[in-house]
Amino acid sequence: MPDTPSDDTVPDPMSLANARTEWLAAAALPTPDPQLPEWFRELQTRSWRDLVTLPDPKRTDENWRFATLKLSRMDALEPAVAPAESQIAEVLERSEFTPHAAARFVFLNGRPVLTDPGELTGRAGVICLPLREAILTQGELVRAHFMREGAPLGGAKFAALHGAADLDGIFLHVAEGTKVEGAVEIYHWATGENTAVFPHTLIVAEDQADIRVIEYFCSLNPHDATVAVALTDLAAERGGQIEYTALQNWNGHSRHVQINATRVGRDAKARGCFVNLGSRWTRTESLSRMTGTGADSRMLSVNLATGEQEFDQRTLQSHEAERTTSDLLYKNALYDKSRTIFSGLIRVDKGAHFTDAFQTCRNLLGSDEAEANSMPGLEINADEVKCSHGSTSGQISDDEIFYLRARGIPASDARKMITLGFLNQVIDHIEAEEVRDHVHRLVEEKFLNVVE
Amino acid sequence: MTSEPDISRSLVIKDLSVEIDGREILKGFNLTVPKGEVHAIMGPNGTGKSTLAKVLAGHEDYTVTGGQVLMDGIDLLAMSVDERSRAGMFLAFQYPNEIPGVSNANFIRAARQARLPDGEEIDAVAFYKEMYAKMAELEMDKSFTGRSVNEGFSGGEKKRNEILQMMMLDPKYAVLDETDSGLDIDALKVVAQGVNSLRSKDRGFLVITHYQRLLSYIVPDIVHVMWDGRIVRSGGKDLALELEEKGYEWVKEELAA
């Protein structure tokens with residue numbers, strides 16, 4: 001993979017002492033926290049080395065094709081400052097949890113301001129902890145999954161930035177046979193001009209375990225241009241099930257990078273859904289590795305782009321074992337001068353026979369000035385595979401609008417209903433009912449407030 | 001029916017001329033449907049029946065080049081598509097569209113909501129109760145409320161769904177465009193029953209059909225024969241039978257004579 005350092009050796013921190021990166025205001029290696037285990041400090045040091053040595057995203061890199069590169073430029077990012085009491089009170093007030101949330105977490109500028117494991121408290125088979133605490137107390141469990149997959153889809157430098165930064169996030173481990181009702185709901189808030197936050201979510205589901213998680217990304221105020229570089233590591237071990245939803249709703253000046261690595265073991269199921277409503281620029285990279293026979297990954301995304309928003313999404317469906325399934329459905333509704341980029345690859349390894357792999361990207365253009373780019377791809381090295389990929393772009397059909405208007409629904413409402421319907425078809429795949437309803441509502445809200 | 005129709009309680013189409021892509025389809029079309037009556041329009045394919053239906057609903061592909069349409073004395077052609085519907089015009093589509101991701105219930109609810117004054121909300125419980133009752137009349141399973149509008153519906157299910165919408169929207173005038181096409185005899189009976197249940201002194205119907213079969217179940221007061229963009233003959237319900245027996249060639253020969 002281009003620009004992904006293969007060197008796993010740990011550099012001498014001293015050799016990096018004078019290293020600088022334009023990406024950070026404080027251009028110095030963070031002081032390693034001596035309380036944290038050695039493997040983690042080494043990971044931080046390696047990340048720092050990668051951050052200062054890797055080049056910025058560039059035009060010639062296929063992984064950045066069609067991207068507006070200036071939006072990906074990080075310049076003197078500020079560390080997140082500790083929030084004021086009044087800000088904490090405000091985010092606690094504004095974090096909307098569903099009535100049957102299994103656990104509730106709120107982060108503000110990277111600090112946990114609400115840690116409520118709810119019904120998971122003391123529950124056998126469930127470990128649900130802020131990441132830092134998990135690293136201290138569950139070291140090996142975390143180490144087995146934390147940032148194991150790198151960032152093969154172009155975002156290596158962002159992953160390095162994340163790895164070098166201070167810890168922020170949740171570790172969730174569900175042991176064999178444990179099914180969690182309701183969803184674990186996590187809010188990430190940020191504030192401060194050019195402030196960066198680095199949420200990390202690590203979820204492990206063992207055999208016959210079942211867990212649902214939703215993360216919300218929200219701005220404290222409508223003007224601060226914050227940057228989030230979020231990483232999610234999802235490991236559905238043999239027979240385990242994970243459903244993960246990310247709802248990105250930052251203000252229109254902020255930028256969001258999310259790098260997701262999902263590993264799906266034997267007979268395991270993973271479902272990931274990325275919903276993008278807010279931000280100026282969002283880049284999501286989603287890797288699904290089907291590593292055990294019978295693994296099944298559902299990859300979903302819902303994007304409602306307006307104004308000058310750019311949503312840039314790169315995916316890889318990597319089939320590495322026999323009889324595995326992956327099914328990707330990404331939908332973009334575009335308005336105004338917004339842009340979307342979808343680049344997806346299905347890769348079937350030699351020996352991954354009887355693979356079923358599907359990839360669909362659909363774009364609904366609500367304006368002549370909006371631009372949707374799709375780059376589907378296949379790389380098949382096994383026999384007996386069933387693969388399909390397709391992308392379509394089009395406008396709302398006049399006949400459909402006429403039909404709704406002929407029932408008395410005004411034209412602008414008709415267009416909204418049809419576009420919402422188009423997006424609903426992805427949202428409806430979210431299994432956690434309350435999460436699904438909440439996503440429906442937030443998408444609808446953006447429609448009412450922003451479109452036309 | 002011998003007395004002059006009351007304009008304030010009629011759908012009056014006067015000298016209506018319509019073209020699409022520069023081709024004239026309706027050529028000085030005249031028809032008056034008073035409330036309380038069911039008029040049928042029969043005619044061969046390509047004679048302008050569906051054009052008439054779409055023009056009444058306000059389809060923008062068609063250009064009205066002359067004439068007028070008054071609904072209870074109000075200028076229908078001055079209204080937009082959705083305004084016409086809210087004012088009481090209903091078109092049951094020959095080929096209803098599929099709207100993926102929009103549930104049937106939400107669709108009908110939005111149509112009802114559009115009829116309420118600003119700030120007033122539909123009573124959801126009463127709405128569902130009413131809809132379920134009407135679905136039962138049409139022998140439609142309750143699951144159709146949650147399914148996407150017409151998506152994956154059979155031909156018959158789509159037509160029942162059109163009639164369900166008509167029942168829920170309670171129009172002043174209903175135009176049924178080839179509602180019998182794609183229906184088997186059982187579905188046809190159910191659909192006809194639904195239409196008949198809505199017949200009242202306060203509602204007019206215009207039933208457009210190619211075949212007489214539908215008119216055995218929705219018995220019209222007047223039958224019109226349409227030919228080349230005009231009505232060329234009108235009569236009682238027996239005219240439909242005569243047409244069925246003699247075929248449209250008969251009309252053509254009579255016109256030539």
Side-chain angles (χ1 to χ4, degrees), chain A residues 273 275 300-304 329-333 360-364 366 390 392-430 433 436-437 439-441 443-444 447-448 451-452, chain B residues 53-62 79-116 118 146-151 158 161-162 164-172 174-175 177:
Chain A
C273 183
V275 183
L300 305 165
S301 185
V302 178
N303 302 288
L304 175 53
L329 177 63
Y330 276 37
K331 284 196 174 187
N332 301 310
T360 307
C361 174
R362 298 203 186 289
N363 303 304
L364 191 61
T392 55
S393 289
Q395 299 185 338
I396 297 178
S397 120
D398 288 341
D399 287 341
E400 288 179 22
I401 294 173
F402 177 67
Y403 187 61
L404 266 60
R405 292 185 69 196
R407 297 297 174 253
I409 300 167
S412 63
D413 292 355
R415 272 191 283 274
K416 283 181 192 177
M417 279 186 86
I418 293 167
T419 308
L420 270 175
F422 168 83
L423 297 177
N424 283 349
Q425 286 189 306
V426 181
I427 301 169
D428 286 341
H429 289 295
I430 297 174
E433 195 182 338
R436 185 173 65 229
D437 291 347
V439 173
H440 272 303
R441 194 158 58 73
V443 172
E444 221 170 307
F447 248 101
L448 296 177
V451 178
E452 287 158 63
Chain B
K54 285 185 176 152
V55 167
L56 291 176
H59 199 292
E60 281 147 3
D61 285 354
Y62 299 87
M79 292 187 234
S80 70
V81 180
D82 42 294
E83 281 170 345
R84 292 179 198 200
S85 168
R86 295 194 297 273
M89 170 59 66
F90 183 88
L91 170 63
F93 282 54
Q94 183 178 4
Y95 302 111
N97 289 86
E98 298 184 2
I99 314 288
V102 176
S103 78
N104 220 18
N106 279 347
F107 168 52
I108 297 174
R109 193 171 157 166
R112 283 275 287 259
Q113 181 71 47
R115 286 159 167 77
L116 295 181
D118 266 354
R147 287 175 59 181
S148 290
V149 178
N150 294 328
E151 196 183 39
K158 283 182 181 172
N161 202 29
E162 291 295 288
L164 173 66
Q165 292 163 41
M166 179 170 75
M167 291 171 132
M168 293 298 289
L169 297 181
D170 193 23
K172 292 179 179 141
V175 179
D177 187 11

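Labels below follow one simple rule: chain letters A, B, ... track the order of the sequence lines, proteins then strands, and each chain is numbered from 1.
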B:K54 atom NZ, over 12 foreign heavy atoms within 6.0 Å: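 Not more than 12 within 6.0 Å, no.
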Just checking B:Y95: does its OH atom have more than 12 heavy atoms from other residues, nucleotides or ligands closer to it than 6.0 angstrom?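 No, OH of B:Y95 has 12 or fewer neighbouring heavy atoms, counting only those of other groups under 6.0 Å.
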Look up atom CG in B:N150 and atom CD in A:E400, then write down how far apart they are to the nearest 0.5 Å.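 It is 10.5 Å, given to the nearest 0.5 Å.
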Specify the closest pair of heavy atoms between [X] and [Y], including all atoms of both residues, with the distance to one decimal.
X      : Y      : answer
A:F402 : B:A57  : CZ-CB, 3.9 Å
A:R407 : B:L169 : CD-CD1, 3.8 Å
A:G408 : B:S85  : N-OG, 3.0 Å

Interface moiety of B:R115 toward chain A, non-hydrogen atoms closer than 4.5 Å: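 It is the side chain, since no backbone atom gets that close.
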Is chain A contacted by the side chain of B:P171, its backbone, both, or neither, given a heavy-atom distance below 4.5 Å? neither
Tell me, out of B:R112, B:E162, B:R84, who's got the most heavy-atom pairs with chain A below 4.5 Å.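 Counting heavy-atom pairs under 4.5 Å, the top option is B:E162.
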Fit a plane to each ring of A:Y403 and B:F107, take the angle between them on a 0 to 90° scale, and name the class: parallel (under 30°), tilted (30 to 60°) or perpendicular (over 60°).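 The arrangement is parallel - the two ring planes meet at less than 30°.
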Side chain proximity check, B:E98 to A:S397, heavy atoms < 4.5 angstrom: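 No; the side chains remain at least 4.5 Å from each other.
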Side chains of B:I99 and A:I418 in contact at under 4.5 Å (non-hydrogen atoms): yes
Side chain to side chain contact (heavy atoms under 4.5 Å, CB included), paired with A:R405, selected from B:E60, B:H59, B:E83: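 Option passing the side chain to side chain contact (heavy atoms under 4.5 Å, CB included) with A:R405: B:E60.
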For chain B, which candidate among A:I409, A:D399, A:N424 shows the most heavy-atom pairs at distances under 4.5 Å? A:I409
Select, from A:D428, A:D398, A:L404, A:V426, the one with the greatest count of heavy-atom pairs under 4.5 Å involving chain B.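 Between A:D428, A:D398, A:L404, A:V426, the count favours A:L404.
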